[in-house]
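Note that the numbering runs from 1 along the sequence shown for the chain.
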Amino acid sequence: PIGVMVGFLAWNFPLLNVGYKIGPSIASGCTCIIKPSRTTPLATALVGEVMHSIDFPKGVVNIVLGEDREVASALLTSDIPAMITMIGSTAAGCKLMQTASTSVKHYSLELGGNAPAIVYPDFAPELAAERIVGLKLANAGQVCVSPNRCFVHESILEPFLAKATEIMASYHFGAGTGAEPRMGPIMVQSHMEELLDKVTDAVNAGAEVIYGGEAVDKDTCPVGHYMQPTLMLCDRSLDLCCDEIFGPILPVIPFADGDDVIEW
């Protein structure tokens, strides 16, 4: 136990994330302050209601709702917290540590990723496409461990792209039950616009859109911000292949026998 822990939650898996924060805090004998994203606060608030209803000791778990920056600034600059944890982007993590440096604190930050998938020529390209596309489109790609870029050996590139295109074209849109496979919406309009800009920038830099790349026609999907599953053929130097995408865009990068794809 080190004292008071402040946990900032990501919006994409609010219940999973609150478990990640509260469980270890209580197990180690710390009290905690939980700040959910203003985008998805209700699931975390319900956890607070449940804890209140079972007479969980007051003050051990504290849930604070409100504007992200306003509340975060007060929590980070206070000299009370001994530890700050967060799930979010790399830029946000760096800014968090700068803001919180008003006193000495411990940090545990899960930040942006660039997870690769590598498909070698001795593996069935159709099966590889099925598995990788399924992982990529889970939660519309809004997952921190989603495959962010895909290296495919040039000898099996064509069948991989063909199968990936076929699978992406079979997706339906919406939340909850319905025709499968199914993909939900992008969380907010601003993020949707960022994803579409990523596609445009990549094309301008020489990438090729194999499938998708646009917003879904609003007349053909439920209310929300829906983007087509997007398959792109890219060079590994493009920004799209270097920065976390956090959306349903799969960049595919061919490699040959002489390329050291592990070094890539």
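Within a 6.0 Å sphere centred on CG of Leu127, other residues, nucleotides and ligands contribute more than 12 heavy atoms. A 6.0 Å sphere centred on OH of Tyr20 holds no more than 12 heavy atoms belonging to other residues, nucleotides or ligands. Surrounding CD of Glu70 are at most 12 heavy atoms belonging to other residues, nucleotides or ligands under 6.0 Å away. Heavy-atom contacts from other residues, nucleotides or ligands closer than 6.0 Å to NE2 of His172 number more than 12. With a 6.0 Å radius and a threshold of 12 heavy atoms from other residues, nucleotides or ligands, Arg69 has its CZ atom at or below the threshold.
Side-chain atoms of Met83 and Ser108, non-hydrogen and from C-beta on, do get closer than 4.5 Å to each other. Between Leu157 and Pro254, some side-chain heavy-atom pair lies under the 4.5 Å cut-off. Taking the side chain as every heavy atom from C-beta outward, Glu154 and Phe255 never approach each other to under 4.5 Å. Looking at Ile132 and Phe160, their side chains come closer than 4.5 Å, going by heavy atoms from C-beta outward. Within the 4.5 Å cutoff, the side chain of Thr200 has no heavy atoms near those of the Leu196 side chain. Here the side chains of Leu240 and Asp201 are not in contact, with every heavy-atom distance at 4.5 Å or above. For the pair Val119/Cys150, a side-chain contact is recorded, criterion being any heavy-atom separation below 4.5 Å from C-beta on. Using a 4.5 Å cut-off on side-chain heavy atoms (C-beta onward), Asp68 and Ser37 make contact.
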task: Could you walk me through whether Ser103 and Lys105 pass side chain to side chain donor-acceptor pair (under 3.5 Å), step by step?
output: CA-CA 6 Å; Ser103 61; Lys105 301 178 176 76; 2.7 Å; yes
query: Do Ile262 and Ile118 pass the side-chain contact (heavy atoms from CB on, under 4.5 Å) test, and can you show the C-alpha distance, the side-chain angles, and the key distance before you say yes or no?
result: CA-CA 9 Å; Ile262 298 297; Ile118 306 174; 4.0 Å; yes
message: Would Arg38 and Glu67 count as a salt bridge (Lys or Arg N to Asp or Glu O under 4.0 Å) here? Give the steps.
response: CA-CA 6 Å; Arg38 67 173 182 172; Glu67 286 294 322; 2.6 Å; yes
message: If you apply the rule side-chain contact (heavy atoms from CB on, under 4.5 Å), what do you find for Ser89 with Glu244, and how did you get there?
response: CA-CA 9 Å; Ser89 69; Glu244 186 175 37; 5.5 Å; no
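The aromatic rings of Phe151 and Trp264 sit tilted relative to each other, their planes meeting at an angle between 30° and 60°.
Remark: the backbone N or O of Asn148 is not paired with any side-chain donor or acceptor of Asn114 at under 3.5 angstrom. Under the 3.5 Å distance criterion, the side-chain polar atoms of Asn139 are left unmatched by any main-chain donor or acceptor of Gly184. A donor-acceptor pair under 3.5 Å links the side-chain atoms of Thr102 to the main chain of Thr77, judged by distance alone. Not a single donor-acceptor pair under 3.5 Å links the side chain of Ser25 to the backbone N or O of Ile22. Within the 3.5 Å criterion, the main-chain N or O of Gly112 finds a donor-acceptor partner in the side chain of Thr90. Between the side chain of Gln142 and the backbone N or O of Pro185 there is at least one donor-acceptor pair closer than 3.5 Å.
Atom CE of residue Met183 and atom OH of residue Tyr226 lie 9.0 Å apart, to the nearest 0.5 angstrom. Taking CG of Leu238 as the start and CE of Met232 as the end, the distance is 8.0 Å to the nearest 0.5 Å. Atom SG in Cys221 sits 13.0 Å away from atom CE in Met227 (nearest 0.5 Å). Of the inter-residue distances, the one linking Leu161 atom CG with Glu166 atom CD reads 13.0 Å to the nearest 0.5 angstrom. The distance from atom CG of Asp239 to atom NZ of Lys198, rounded to the nearest 0.5 Å, is 8.0 Å. With values rounded to the nearest 0.5 angstrom, Ile63 atom CD1 is found 14.0 Å from Lys21 atom NZ.
Hydrophobic clustering (ILVMFWY, side-chain heavy atoms < 4.5 Å, transitive): Met5 and Leu109 are in distinct clusters. Tyr107 is connected to Leu111 through a chain of hydrophobic side-chain contacts under 4.5 Å among Ile, Leu, Val, Met, Phe, Trp and Tyr, so both are in one cluster. Following chains of ILVMFWY side-chain contacts shorter than 4.5 Å, one can reach Met97 starting from Ile33, so the two form part of one hydrophobic cluster. Under a hydrophobic clustering in which Ile, Leu, Val, Met, Phe, Trp and Tyr are joined whenever their side-chain heavy atoms come within less than 4.5 Å, directly or via other members, Ile253 and Val261 fall into the same cluster. Cluster membership check: Ile167 shares its hydrophobic cluster with Phe173, using side-chain heavy-atom separations under 4.5 Å among Ile, Leu, Val, Met, Phe, Trp and Tyr.
Shown here for Pro229 and Leu137, the closest heavy-atom pair between the two residues is CB-CD1, 3.7 Å. Smallest separation of non-hydrogen atoms from Asn17 and Leu9: O-CD2, 3.7 Å. Here the shortest heavy-atom pairing between Pro251 and Cys234 reads CB-SG, 3.8 Å. Here the closest non-hydrogen pair linking Pro121 and Ser155 is CB-OG, 3.5 Å. Summarising the geometry of Leu195 relative to Ile186, their closest heavy-atom pair is CD1-CD1, 3.7 Å, with the distance given to 0.1 Å. The heavy-atom pair separating Lys163 from Glu126 by the smallest distance is CG-O, 3.6 Å.
The closest side-chain donor-acceptor pair between His153 and Asp122, if any, does not fall under 3.5 angstrom.
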